[in-house]
Trainee: 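Questions regarding the structure given below will be posed in turn.
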Protein chains: 2
Amino acid sequence: MDMTFYSAELLKQELNDRGYRLTPQRQKILDIFQAQPQGEHLSAEFLHQDLSQEGEHISLSTVYRTLHLMVNMGLLRELELAEGHKHYELNRPLREHHHHLVCVHCNKTLEFSDTQIDQVGEKQANAAGYYVLDCQLTLYGTCPECDR
Amino acid sequence: MDMTFYSAELLKQELNDRGYRLTPQRQKILDIFQAQPQGEHLSAEFLHQDLSQEGEHISLSTVYRTLHLMVNMGLLRELELAEGHKHYELNRPLREHHHHLVCVHCNKTLEFSDTQIDQVGEKQANAAGYYVLDCQLTLYGTCPECDR
DNA sequence: ATGGGTGCAAACTGTTTGCAATCTG
DNA sequence: CAGATTGCAAACAGTTTGCACCCAT
């Protein structure tokens, strides 16, 4: 019912097509992303700990290597929010593409969608001859609670 | 003729108003930004080296501390581009506010402006009760030269 | 069986911090 | 002169890498 769901077979397919292999580690890591209710953005550290809690002992290096691999394959998006480390999230289709609103004080982050932005971005990039891989609007500000 | 130019007096004023002091280091660092023809985005490391070449021996720590101070004062903008370290640029008024288009292969970065984006961002943030400090649209892709 | 993948520990990069000395207002 | 600011060196966090062993195809 969710078209961005990757079954074990589909993931294997995608990997093999590029000469990569399906390993239990890669499977587990993608599973964690798919188990997130709203496709939240996760850090490498969070993934590592979450896996540990489930009894899956996957090294941090492997987590990082897998994240990079999946970003390159287009399965994940890499985000630079305001916390000093990168975050990753499932790269959902354009329809569900969204942007971020971050509070620089408490780091609370809201998501929102706006097709206008994606269209303008696409247009601007194409005008410069660029092929767009990702389009991220990030708004930095103060949320109602942190605003004095 | 450039309304974002900070003279020594104006900078001192801004600093003193907040209980900070004008030091030669702070002056020199802001000067470097103002000497950039297009307000290019600079890294801490670049600033440090550039200052050294001019015979100004300012420690890296001071560069970092000054950058943070000026971001908090609203004089500079902090950017997260694709190179693994932060970049800073003069925070020009909204009229000249711009966004970035980055090639993930060669890191070539183009700037563009689009008031629509800033408006949409402002609108979205206000709807959530956030006060906007900065609005950054970053497009990641491949430039014509790197596109295969 | 072969070459891609993993875990571990060590290396690295960019950034931050403690502290004594120094300078600004 | 008090308190802000600096430089230095050491500490840090997140991420990357070399290498021997292991496993998917």
Side-chain angles (χ1 to χ4, degrees), chain A residues 8-32 41-52 55-73 75-76 78-88 104 107, chain B residues 8-30 41-52 55-73 75-76 78-88 104 107:
Chain A
E9 300 78 46
L10 185 48
L11 177 56
K12 182 174 193 314
Q13 186 70 36
E14 289 280 323
L15 286 163
N16 291 350
D17 286 355
R18 302 165 195 246
Y20 302 130
R21 298 172 180 181
L22 176 59
T23 63
Q25 291 88 337
R26 290 174 179 173
Q27 175 90 63
K28 297 279 166 37
I29 289 172
L30 189 56
D31 283 350
I32 301 269
H41 24 76
L42 315 176
S43 66
E45 195 58 53
F46 174 90
L47 275 163
H48 186 238
Q49 291 182 2
D50 201 53
L51 287 160
S52 286
E56 306 292 346
H57 295 292
I58 299 182
S59 75
L60 243 190
S61 330
T62 297
V63 172
Y64 277 111
R65 286 190 276 231
T66 302
L67 290 171
H68 293 164
L69 182 72
M70 293 187 175
V71 167
N72 287 334
M73 290 175 66
L75 300 189
L76 300 178
E78 183 175 82
L79 307 173
E80 299 268 12
L81 299 178
E83 291 109 285
H85 55 264
K86 290 171 182 162
H87 280 217
Y88 300 83
V104 299
N107 282 336
Chain B
E9 300 78 44
L10 185 49
L11 177 56
K12 182 171 192 319
Q13 185 72 38
E14 289 281 324
L15 287 164
N16 291 350
D17 285 354
R18 302 164 195 245
Y20 302 131
R21 296 172 180 183
L22 176 60
T23 62
Q25 290 88 335
R26 291 175 178 172
Q27 175 91 61
K28 297 278 167 37
I29 289 172
L30 189 57
H41 24 76
L42 314 177
S43 65
E45 195 59 54
F46 174 90
L47 275 162
H48 186 238
Q49 290 182 3
D50 201 54
L51 287 160
S52 286
E56 304 293 345
H57 295 294
I58 299 182
S59 77
L60 243 190
S61 331
T62 296
V63 171
Y64 277 111
R65 286 190 276 230
T66 302
L67 290 171
H68 292 163
L69 182 74
M70 291 186 177
V71 167
N72 288 333
M73 288 175 66
L75 300 189
L76 300 178
E78 183 176 83
L79 308 173
E80 299 269 12
L81 300 177
E83 291 109 282
H85 55 264
K86 290 171 183 162
H87 281 216
Y88 299 82
V104 298
N107 282 335

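Just so it is clear: chains get the letters A, B, ... in the order the sequence lines come, proteins before strands, and each one is counted from 1.
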Trainee: Could you tell me how far apart A:Gln27 (CD) and D:dT25 (P) are, to the nearest whole angstrom?
Mentor: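 Atom-to-atom, A:Gln27 to D:dT25, this comes out as 11 Å.
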Trainee: Side chain of B:Gln25: nearest nucleotide among D:dG7, D:dT5, C:dG5?
Mentor: D:dG7
Trainee: D:dG7 phosphate, OP1 or OP2: any side-chain N/O from B:Thr62 under 4.0 angstrom?
Mentor: yes
Trainee: Have a look at the helix from C:dC12-D:dG14 to C:dG25-D:dC1 and give the angle its two end axes make, five pairs each, rounded to 10 degrees.
Mentor: 30°
Trainee: Checking the side chain of A:His48 only, and the main-chain atoms of A:Ile58 only, is there a donor and an acceptor separated by less than 3.5 Å?
Mentor: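 Side chain of A:His48 to backbone of A:Ile58: a pair is present.
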Trainee: Figure out the CD/C1' separation between A:Gln13 and D:dA24, and round it to whole Å.
Mentor: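 It works out to 15 Å between those atoms.
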Trainee: Rounded to the Å, how far apart are A:Glu45 CD and D:dT16 P?
Mentor: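 My rounded result for the distance is 13 Å.
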Trainee: How long is the line joining NZ of A:Lys86 and P of D:dG14, in whole Å?
Mentor: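 Distance, rounded to whole Å: 13 Å.
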Trainee: Would you classify A:His48 as touching base, sugar-phosphate or nothing, given that sugar-phosphate means primed atoms plus P, OP1 and OP2, and contacts are heavy atoms under 4.0 Å?
Mentor: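 Nothing, no heavy atom under 4.0 Å.
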Trainee: Expressed as a whole number of angstroms, how long is the span from A:His87:NE2 to D:dT15:C1'?
Mentor: 14 Å
Trainee: Can you name the atoms? Protein N/O to nucleotides 17-20 of chain D N/O, anything below 3.5 Å, with the distance.
Mentor:
from   : atom 1 : to      : atom 2 : distance (Å)
D:dT17 : O4     : A:Ser61 : OG     : 3.3

Trainee: Please list, for nucleotides 20-25 of chain C, all pairs of protein and nucleotide N/O atoms separated by less than 3.5 Å.
Mentor:
from   : atom 1 : to      : atom 2 : distance (Å)
C:dT24 : O3'    : B:Leu22 : O      : 3.4
C:dT24 : O2     : B:Arg21 : NH1    : 2.6
C:dG25 : OP1    : B:Leu22 : N      : 3.2

Trainee: Atom CZ of A:Arg18 and atom C1' of C:dG5: how far apart are they, to the nearest Å?
Mentor: 17 Å
Trainee: C:dT16 phosphate, OP1 or OP2: any side-chain N/O from B:His68 under 4.0 angstrom?
Mentor: yes
Trainee: Can you measure A:His85 atom NE2 to C:dT16 atom C1' for me and round it to whole angstrom units?
Mentor: 17 Å
Trainee: Nearest of D:dT6, C:dG7, C:dG14 to any side-chain atom of B:Tyr64?
Mentor: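 Ranking D:dT6, C:dG7, C:dG14 by closest atom to the B:Tyr64 side chain puts C:dG14 first.
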Trainee: May I ask you to test the B:Leu69-B:Leu15 pair for a side-chain heavy-atom distance under 4.5 Å?
Mentor: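 Yes, side chains in contact.
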